[in-house]
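Worksheet: one structure, shown below.
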Amino acid sequence: MEFKYDVIVIGAGHAGCEAAAAAANMGSKTCLITMDMNKIGQMSCNPAVGGIAKGQIVREIDALGGFMGTITDRTAIQFRILNRSKGPAMWSPRAQCDRGKYIWAWREVLENTPNLHIWQDTVKELLIEHDEVRGLVTCWGVTFYAKCVILTAGTFLNGLMHIGRNMLAGGRTAEPASYHLTESITRHGIVAGRMKTGTPVRIDGRSVHFEDMDTQDGENDFHRFSFMSEPRRLKQLQCWTCFTNPEVHEVLRKGLPDSPLYNGQIQSIGPRYCPSVETKIVTFPAKEQHQLFLEPEGETTRELYLNGFSSSLPIDIQIEAMKKIPALRDIIIYRPGYAIEYDYFDPTQLTHTLESKIVRNLFFAGQVNGTTGYEEAAGQGIVAGINAHINCHGGKPFVLHRDEAYIGVLIDDLVTKGVDEPYRMFTSRAEYRILLRQDDADMRLTEISYNAGLASRERMKVLNEKREKINQIIDFTNNFSIKPALINNKLEQMGTTILTHGCKLFDLIVRPQITIENIAQHIKPFNELINSIETRKDEIIEAAEIQIKYQGYIERERQIAEKIHRLEAIKIKGKFDYASLQSLSTEARQKLIKINPETLAQASRIPGVSPSDINVLLVLLKR
């Protein structure tokens, strides 16, 4: 066995799995190093994938040729589309998964990926020579050599867990932390920091009074995460909801002196948008209840996850507080919630390919970049894997722009703005969210990935067939004329205004009361066209209808994006000595020196760089 590879990936979480699979499928000889092969793709917190904006990222990963979407569909035990009451730009798929089956599905994929080896060990040191990574050394004393290394260590770097005043080293419950690796990186000038996250209690479902909770059913229509449409195999299960109450809050307040978040034990910053339950009662003291979601951990297990009750309070306080909730009055738990602190690296030290600016061929992806969430990690992982392969074998850097993908927004935010708390993706972070819908991720990204060498020929064939059918529908509606006498009676029945003169079918479908399906049944040639679609019919109809109804908004946003692209085309890296430009504000000079942006557009997104600073750079460029 020769320990020499093109690409080595450290860590087999969601970022590491996507990175390793991408590099190997593109043709790089790849090795994935993990502490425990039985925890590949482990869902450390909730065994759920997707959610607001996160679901869009998973569909983008799938469109690029990644595996998170197909594995989620294969192991889902409940699926829903969130934000249905809003426009399609906000629709976000989410699935609850079987935790154990998810791990083994990932392992099956990786073990059957050509060019990919798996090694069970812990990395303790990177080998770096002349500011370029050469390989690594493991705790078993094995030396690996590689052209590129991708670090996706999650929460394991110097991980420290907290329950009340008790502290225990570890990267995850019952799993050891990784030591020395951070230090082997920072000695080369890369800056590290500390962050914190947490997870809730795990409950024995036999002790829950479900009759005192509201049920939350899933959906079982055509929607999936993967555009390759693998049907969900597992039994679909219920989730439940309940609320905290003033008695619960009183118990939690009693435990605050022993809370590591409030007694000084934890100094690092936790996720703003997934706060612990004790943070909720301190931040919102007047709020008398907070919603909780009780969600299954698997198809057959009794283990349940109490979403919304993340906590690092002492065990007795956690149990006492939960028992004040009627449905949990006889609660028995498998283990309490806990907090964990870990090392991360300032992502402004990276390029948009996720390669270090300081050490060549060293890539960072996932929570080590200051993000939170499986989806954000996996999105970074696939981009890092693609670019590591390109660094090994040549090619144009693979960069997704802000109008192309939520993954592009994520990476641009990280490397341009940095993080001062764990970063979580939201639809509001994307200025072009009408262009970045979950329904058209394949339209946006599959061809880009295919040209880069990752997306398969089969995936490209499916996309072309789908695009052809969508265009047929839209072309028909643009060319087919409707006469009032033939349709007015039906329009009245649908509750929409009758026609006073003829119009194109397209103009009718734009109306909110009208859909392709409810109008097609009254127009024979249109109905025949719709019924001629043999595969992915519902998906194609939905995509066509969204393009018709929102065409004006989509076109306007595309025009705005094209204007910004002009700034993206203006390269400024290496053209200015920012320290000598006294016409810039002091803050702008400091930020521009630190980030050293590639383009004028990236410079415009740096916090502290004002529009007047950008105008100064434009004037100087013209000179």
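Here, residue 1 is the first one in the sequence, and each next residue gets the next number.
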Q.
Suppose we screen for side-chain hydrogen bond (donor to acceptor under 3.5 Å, both in side chains). Which residues come up paired with T182, at least two apart in sequence or across chains?
A. D343
Q.
Can a side-chain donor-acceptor contact be found between D62 and S226 if the only test is distance below 3.5 angstrom?
A. yes
Q.
Let me confirm one number: the NZ-CD1 distance from K573 to I595, rounded to the nearest 0.5 Å.
A. 11.0 Å
(Q) Going by the rule side chain to side chain contact (heavy atoms under 4.5 Å, CB included), which residues pair with S580 if we only count those two or more places apart in sequence or in a different chain? (A) D577
Q.
Under a 3.5 Å cutoff, is there a donor and acceptor pairing between the side chains of T138 and D121?
A. yes
**Q.** Partner residues of T279 under the side chain to side chain contact (heavy atoms under 4.5 Å, CB included) criterion, sequence neighbours left out
**A.** L261, Y262, P275, S276, T283
**Q.** Any donor-acceptor N/O pair, D412 side chain to G408 backbone, under 3.5 Å
**A.** no
Q) Is it true that a side-chain atom of E18 and a backbone atom of F67 form a donor plus acceptor pair closer than 3.5 Å? A) yes
Q | Set of residues satisfying ring-ring contact (aromatic ring centres under 6.0 Å, His included) with respect to Y374, sequence neighbours excluded | A | H14
Q: Indicate yes or no for a side-chain donor-acceptor contact from E376 to the backbone of K54 under 3.5 Å, with no hydrogens or angles considered.
A: no
Q) CG/L127 to CD/E129 distance, rounded to the nearest 0.5 angstrom? A) 7.5 Å
Q. Is E404 paired with R444 through a side-chain N to carboxylate O contact shorter than 4.0 Å?
A. no
Q) Any sub-3.5 Å donor-acceptor pair from R424's side-chain atoms to Y273's backbone N or O? A) yes
Q. Between S44 and R172, do the side chains contain an N or O donor and an N or O acceptor separated by less than 3.5 Å?
A. yes
Q) Can you tell me how far NZ of K196 sits from CD1 of I340, rounded to the nearest 0.5 angstrom? A) 11.0 Å
Q. Does F227 have R59 sitting over its ring (NZ/CZ under 6.0 Å from centre, angle to axis within 45°)?
A. yes
Q | N391: side-chain hydrogen bond (donor to acceptor under 3.5 Å, both in side chains) partners, not counting sequence neighbours | A | E355, N361
Q. Taking only residues two or more places apart in sequence, or in another chain, which ones meet H162 in a side-chain hydrogen bond (donor to acceptor under 3.5 Å, both in side chains)?
A. Q265, E341
Q) Regarding E568 and H565, is there a side-chain donor-to-acceptor distance under 3.5 Å anywhere? A) no
Q.
As an exercise, state the distance from CG of L354 to CD1 of I411, rounded to the nearest 0.5 Å.
A. 4.5 Å
Q) Salt-bridged, R459 to D442, with N to O below 4.0 Å? A) no
Q. Does the distance from a Lys or Arg side-chain N to an Asp or Glu carboxylate O, for E557 and R433, drop under 4.0 Å?
A. no
(Q) When you compare the side chains of H393 and S28, does any donor N or O come within less than 3.5 Å of an acceptor on the partner? (A) yes
Q: Would you kindly check if the NZ (Lys) or CZ (Arg) of R429 is within the cone defined by 45 degrees around the ring axis of Y423 and under 6.0 Å from the six-membered ring centre?
A: yes
Q) Is the F398-H389 ring centre distance short of 6.0 angstrom? A) no
**Q.** Between S92 and Q56: side-chain donor-acceptor atoms closer than 3.5 Å
**A.** yes
**Q.** Side-chain ion pair, E183 and K124, N-O less than 4.0 Å
**A.** no
Q.
So does A21 get a backbone contact from the side chain of N25, meaning a donor-acceptor N/O pair under 3.5 Å?
A. yes
Q.
Looking at S585 and A588, would you say the former's side chain and the latter's main chain have a donor-acceptor pair under 3.5 Å?
A. yes
Q: Verify, without hydrogens or angle tests, whether S449 (side chain) and L64 (backbone) share a donor-acceptor contact under 3.5 angstrom.
A: yes
Q. Are any of the side-chain nitrogens in K29 or D6 under 4.0 Å away from the carboxylate oxygens of its partner?
A. no
**Q.** Heavy-atom donor-acceptor pair, D613 side chain to S610 backbone, under 3.5 Å
**A.** yes
Q: Report yes or no: does T371 contribute a side-chain atom to a donor-acceptor pair with the main-chain N or O of G366 at less than 3.5 Å?
A: yes
Q) Could E598 and K571 be called an ion pair, given the rule that one side-chain N must be under 4.0 Å from one carboxylate O? A) no
Q) Salt-bridged, E587 to K591, with N to O below 4.0 Å? A) yes
Q | Value rounded to 0.5 Å, distance of CG in D36 from CD in E175 | A | 6.0 Å
Q: Output yes when D420 and R272 qualify as a salt bridge under the 4.0 Å nitrogen-oxygen rule, no when they do not.
A: no
Q: May I ask you to check whether Y344 and F364 place their ring centers less than 6.0 Å from one another?
A: no
